[in-house]
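Numbered from 1 within each chain, the chains take letters A, B, ... in sequence-line order.
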2 protein chains.
Amino acid sequence: MAEHQHALGGKPLTKNQRLVLERLEKTEGPLSAYSILDELRDEGFRAPLQVYRALDKLVDAGLVHRLESLNAFVACRHPSCHSHRMIGFAICEECGSVQEFSQDRISEELVAWARDDGFRLKKTTIELRGLCKTCAEQAPLQS
Amino acid sequence: MAEHQHALGGKPLTKNQRLVLERLEKTEGPLSAYSILDELRDEGFRAPLQVYRALDKLVDAGLVHRLESLNAFVACRHPSCHSHRMIGFAICEECGSVQEFSQDRISEELVAWARDDGFRLKKTTIELRGLCKTCAEQAPLQS
DNA sequence: CAACTGATGTAATATCATAACATTACATGA
DNA sequence: TCATGTAATGTTATGATATTACATCAGTTG
């Protein structure tokens, strides 16, 4: 299990931030804040706020993403690239897996739309729901 | 105030569905399910489920959209076009206004990404956060 | 040390959503 | 008519997600 030299605005992670991030990184799919809380009881976590505070910072730093359509969180899988590139998520409704993707042309189109409209864009949420390749292959063919 | 001949899969709206839809149409911005409940107390609504059941059907029919990043709902503003085209929302964090938009090129890119990846796409969520044109003009210039 | 700052801990509460079950309205056909 | 089926509705309780408010602790700096 690799060490974390993750940092947050130059500062190292605090204990709670590290525990939350490690929990997310060890987990394949998304976790809700309350699942994280339950899994960190043994480490001394007692209240939701401990999780939410850590998540806030981790999300700000780009180390964790919030999935709005699930009210859940995943560790960023873009290796060592926690930039704030515009990013999308494909969420499988069968197995719960989440894939990150980033398509420059989509970003460009959204930015162009915002520019043309006078909208000052701060953040984008792009979430696809459906079946991942594996689950789609097992599922009955095209309804 | 126009009459509603909205229909839902051929069937006319039920009383609760009509009340919820009318409330959303009379409102500029998004409403949470509980706000709708509060506003419909006078019409006899007593419990969240009455609202959620109506919203489910209205969302299925494309007459209402759910904003995942707000946990709130808006009436569809695409006049008489309640198709299931892929649609995005630009949400102003200052005044709360919501604009629908639909860019074919974005849809195409997302569909293409899904096809290339083997992802069987069922639904997309695209939500932009920022400042609408009006609020952006009043705000301090580019941070 | 005093004052400040940032992180933490804790309790209470607000907000969003659904489960489970009872009841009503109404259509349809024996 | 009235039995039956079904869709909608009503009601209570509960589950799930998120924040407010306030107390405490640790480290830093004057």
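With a 6.0 Å radius and a threshold of 12 heavy atoms from other residues, nucleotides or ligands, A/Glu94 has its CD atom at or below the threshold.
Look at A/Gln50 and you won't find any side-chain N or O under 4.0 angstrom from OP1 or OP2 of C/dT8. In this structure, A/Thr14 does not reach the C/dG6 phosphate: none of its side-chain N or O atoms is under 4.0 Å from OP1 or OP2. For C/dA17, the OP1/OP2 oxygens have a side-chain nitrogen or oxygen of B/Arg66 closer than 4.0 Å.
Between A/Lys15 atom NZ and C/dT8 atom C1' there is a gap of 10 Å when expressed in whole angstrom units. Between the CG atom of B/Leu67 and the P atom of C/dC16 there is a distance of 13 Å, given to the nearest Å. Atoms CG (B/Asp38) and C1' (C/dC16) sit 13 Å apart, rounded to a whole Å. As a whole-Å value, the separation of A/Leu19 CG from C/dA7 P is 15 Å.
Interface residues of residues 87-96 of chain A facing DNA chain C, ordered by number: none; criterion, heavy-atom separation under 4.0 Å.
Of the N and O atoms on the side chains of B/Glu127 and B/Ser69, at least one donor lies less than 3.5 Å from an acceptor on the other residue.
At the heavy-atom level, B/Ala33 lies nowhere under 4.0 Å from the strands shown.
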Exercise. Go through the steps for A/Arg18 and A/Glu22 under the test salt bridge (Lys or Arg N to Asp or Glu O under 4.0 Å), then give the verdict.
Key: CA-CA 6 Å; A/Arg18 184 176 46 75; A/Glu22 286 174 355; 3.8 Å; yes
Quiz prompt | Residue pair B/Arg41, B/Glu39: steps toward the salt bridge (Lys or Arg N to Asp or Glu O under 4.0 Å) verdict | solution = CA-CA 6 Å; B/Arg41 298 259 181 215; B/Glu39 305 211 354; over 6 Å; no
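Mapping A/Arg46 and A/Lys57 onto DNA chain C via the closest heavy atom, the residue that lands nearer the 5' end is A/Lys57.
Between A/Ile126 and B/Thr125, every side-chain heavy-atom pair lies at or beyond the 4.5 Å cut-off. The shortest side-chain heavy-atom distance between A/Phe45 and A/Val51 falls under the 4.5 Å cut-off.
Between A/Phe73 and A/His65, the distance from one ring center to the other does not fall under 6.0 angstrom.
Using a 4.0 Å cut-off between charged side-chain N and carboxylate O, B/Arg77 and B/Glu100 make no salt bridge.
When atom types are taken as modelled, the side chain of A/Thr27 and the backbone of A/Arg23 share a donor-acceptor pair closer than 3.5 angstrom.
Bracketed by its first and final contacts, the part of DNA chain D lying under 4.0 Å from non-hydrogen atoms of chain A reaches from D/dT17 to D/dA21 in 5' to 3' order.
Taking the six-membered ring for Trp and thresholds of 30 and 60 degrees, A/Tyr34 and A/Tyr52 have ring planes more than 60 degrees apart, a perpendicular arrangement.
Separating the CD1 atom in B/Ile91 from the CG atom in B/Leu128 is a distance of 8.0 Å, to the nearest 0.5 Å.
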Practice problem: Determine, for nucleotides 18-23 of chain C in 5'-to-3' order, which nucleotides have protein heavy atoms under 4.0 Å from the base (write B), from only the sugar-phosphate (write S), or from neither (write -). | Solution: BBB---
